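Before any comments, here is the structure.
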Amino acid sequence: MDYSKERKQFSKPIAGYQLTQAKLADMVTRITEAQLLVYRLGRLKDEGNMTFQQVSMAKRNNCELARDVASISRGMLGANGVTEDYPIMRHMANIESVYTYEGTHEMHTLILGQDVTGLAAYDS
Ligand SMILES: Cc1cc2nc3c(=O)[nH]c(=O)nc-3n(C[C@H](O)[C@H](O)[C@H](O)COP(=O)(O)OP(=O)(O)OC[C@H]3O[C@@H](n4cnc5c(N)ncnc54)[C@H](O)[C@@H]3O)c2cc1C
């Protein structure tokens, strides 16, 4: 967001364009959703009612969100987003490893699919 306020194109900051604001609006909304999800998960854990399927839901959603936000942010930096002058590629590389080591998106999807349907889509 700081960069989009500093960077001027066509004589005004790119943050002043509707397409940039749509990206920022999506990001802040999805980050807020993700925070609410883990807030609810923490409450369930404190109450002793958290299930591993709910953990899968949070990991699946929040890792994907972080990955998407990092990617959109990289794009918003334009060519500067692929240089070492800004740390966004480091964040992208970090989230790529988290996207795997927190359990892959596919496996969390299968866990949720089984929880919703009662049918396992994988061989045990
Ligand atoms: C930086 C890092 C740190 C790690 N730290 C730990 C740790 O501390 N402790 C630990 O136990 N593990 C750790 N891991 C391992 C991590 O949990 C595994 O890499 C991860 O679970 C994926 O397993 P895999 O690499 O064997 O991939 P695979 O299981 O071979 O999966 C490869 C791809 O196939 C997909 N896939 C697999 N099965 C299916 C299916 N049935 N349907 C559709 N798609 C499928 C996967 O989603 C993935 O995209 C770490 C990994 C990394 C990268």
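Atoms within each ligand, like the ligands themselves, are counted from 1 in listed order. All values reported here derive from a predicted model rather than from experimental measurement.
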Proximal atoms of ligand 1 relative to Met107 (non-hydrogen, under 4.0 Å): 38 (N), 39 (C)
Closest protein heavy atom to atom 45 (C) of ligand 1, given as residue, atom name and distance to 0.1 Å: Glu106 CB, 4.3 Å
Protein heavy atom under 4.0 Å of atom 12 (N) of ligand 1: no
Nearest-neighbour protein heavy atom for atom 25 (O) of ligand 1, which is reported as residue plus atom name and distance: Thr100 CG2, 4.8 Å
Test applied, side chain to side chain contact (heavy atoms under 4.5 Å, CB included); reference residue, Ile14; option that passes from Lys23, Gln9, Glu6, Lys8: Gln9
Backbone N/O of Ala25 and side chain of Thr29: donor-acceptor pair under 3.5 Å: yes
Neighbour count >12 (heavy atoms, 6.0 Å) for atom CG, Leu36: yes
CA sep, side-chain torsions, deciding dist, call: Ser73, Met27, side chain to side chain contact (heavy atoms under 4.5 Å, CB included): CA-CA 9 Å; Ser73 300; Met27 285 194 277; 3.7 Å; yes
Any protein heavy atom nearer than 4.0 Å to atom 15 (C) of ligand 1: no
Polar atom proximity, Tyr122 to ligand 1 (N or O, under 3.5 Å): no
Is_contact(atom 38 (N) of ligand 1), protein non-hydrogen, under 4.0 Å: yes
Atom 31 (O) of ligand 1 touched by protein (heavy atom, under 4.0 Å): no
Any non-hydrogen protein atom less than 4.0 Å away from atom 6 (C) of ligand 1: no
Thr100 (side chain) donor-acceptor with Ser97 (main chain) under 3.5 angstrom: no
Is_contact(atom 51 (C) of ligand 1), protein non-hydrogen, under 4.0 Å: yes
Parallel, tilted or perpendicular: rings of His105 and Tyr99 (30°, 60°): parallel
CA sep, side-chain torsions, deciding dist, call: His108, Met57, side chain to side chain contact (heavy atoms under 4.5 Å, CB included): CA-CA 7 Å; His108 289 312; Met57 181 189 285; over 6 Å; no
Nearest non-hydrogen protein atom, atom 46 (C) of ligand 1: Thr104 OG1, 3.6 Å
Atom 41 (N) of ligand 1 touched by protein heavy atom at under 4.0 Å: yes
Donor-acceptor contact present, side-chain Tyr86 to main-chain Tyr3, <3.5 Å: no
Where ligand 1 meets Leu110 - atom numbers and elements under 4.0 angstrom, heavy-atom basis: 40 (C), 41 (N), 42 (N)
Hydrophobic cluster membership, Ile31 vs Val28, 4.5 Å side-chain cutoff: no
Identity and distance of the protein heavy atom lying nearest atom 4 (C) of ligand 1: Tyr101 CB, 3.5 Å
